[in-house]
> 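Before we start, here is the structure in question, set down as structure tokens.
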Amino acid sequence: MDPLTIVMVVILAALVFFMFRNSRKRRKEQDETRSKMVPGAEVMTNFGLYGTLLSVDEDDNTAVIETSPGHVVKVHRQVLARVVEPKTPELDDTAVATPELNTDHAIPAESSAPEFGERIDDAPKKPGAKSDD
């Protein structure tokens, strides 16, 4: 056999191996996500809608989500993107407390924003230039 053919067969075998590995990994992640999608779980859809999962109908491929108290949305089951895990703040022992803002100092009047209708001259004046006034 010619060396080019051997290299091509090895590359093809590697591509097939990585294809199967990635599909297995993706299927495992989908199964984990589906196992977490139980009624009462906080979920997010593909289009960014957050809500509480009320029910999942496997036969109709639908899910019922409560977006806010009294507002229920029925969606296709495949749009359920992920289960939203509650965030817990992770503090370590070396965390420094943030200082409180000192609001005792007032902003001077010279640095305040211009009033409505007041002219603003942003361009610097060139020496010897004619003024508009």
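All values below were derived from every heavy atom in this structure, side-chain atoms included, with hydrogens, water molecules and symmetry-related copies excluded.
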> Kindly check if the number of other-residue, nucleotide or ligand heavy atoms within 6.0 Å of CZ (F20) is above 12?
no

> In chain order, what residues pass the side chain to side chain contact (heavy atoms under 4.5 Å, CB included) check against T33, with sequence neighbours excluded?
M37

> Got a sec, which residues hit salt bridge (Lys or Arg N to Asp or Glu O under 4.0 Å) with E32, two or more places apart in sequence or on another chain?
none

> So does R34 pair up with D31, basic N to acidic O under 4.0 Å?
yes

> Kindly give the heavy-atom pair with the smallest separation between V84 and V43, and that separation in Å.
CG2-C, 3.9 Å

> Same cluster for L4 and V10 if Ile/Leu/Val/Met/Phe/Trp/Tyr side chains link at under 4.5 Å?
no

> Please enumerate all residues that pass side chain to side chain contact (heavy atoms under 4.5 Å, CB included) together with D60, with sequence neighbours excluded.
D57, T62

> I'd like to know whether V79 forms a side-chain contact (heavy atoms from CB on, under 4.5 Å) with L49, so could you lay out the CA-CA distance, the side-chain angles of the two residues, the decisive distance to 0.1 Å, and finally the verdict.
CA-CA 10 Å; V79 302; L49 182 71; over 6 Å; no

> Can Y50 be reached from L53 by stepping across I, L, V, M, F, W or Y side chains whose heavy atoms are under 4.5 Å apart?
no

> Assigning hydrophobic clusters by single linkage (Ile, Leu, Val, Met, Phe, Trp, Tyr; side-chain heavy-atom cutoff under 4.5 Å), is F17 placed with V9?
no

> Restricting to salt bridge (Lys or Arg N to Asp or Glu O under 4.0 Å), what partner residues turn up for R82, sequence neighbours left out?
none

> Looking only at non-hydrogen atoms, find the nearest pair between S55 and P39 and report the distance.
CA-CG, 4.5 Å

> Report whether F18 and L12 are members of the same hydrophobic cluster (ILVMFWY, side-chain heavy atoms less than 4.5 Å apart, transitive linking).
no

> Going by side chain to side chain contact (heavy atoms under 4.5 Å, CB included), name the residues that satisfy it together with L54, two or more places apart in sequence or in a different chain.
V64, E66, V72

> To the nearest 0.5 Å, how far apart are OG1 in T45 and CG in L80?
7.5 Å

> Not counting sequence neighbours, which residues clear side chain to side chain contact (heavy atoms under 4.5 Å, CB included) with E85? List them please.
K36, V83

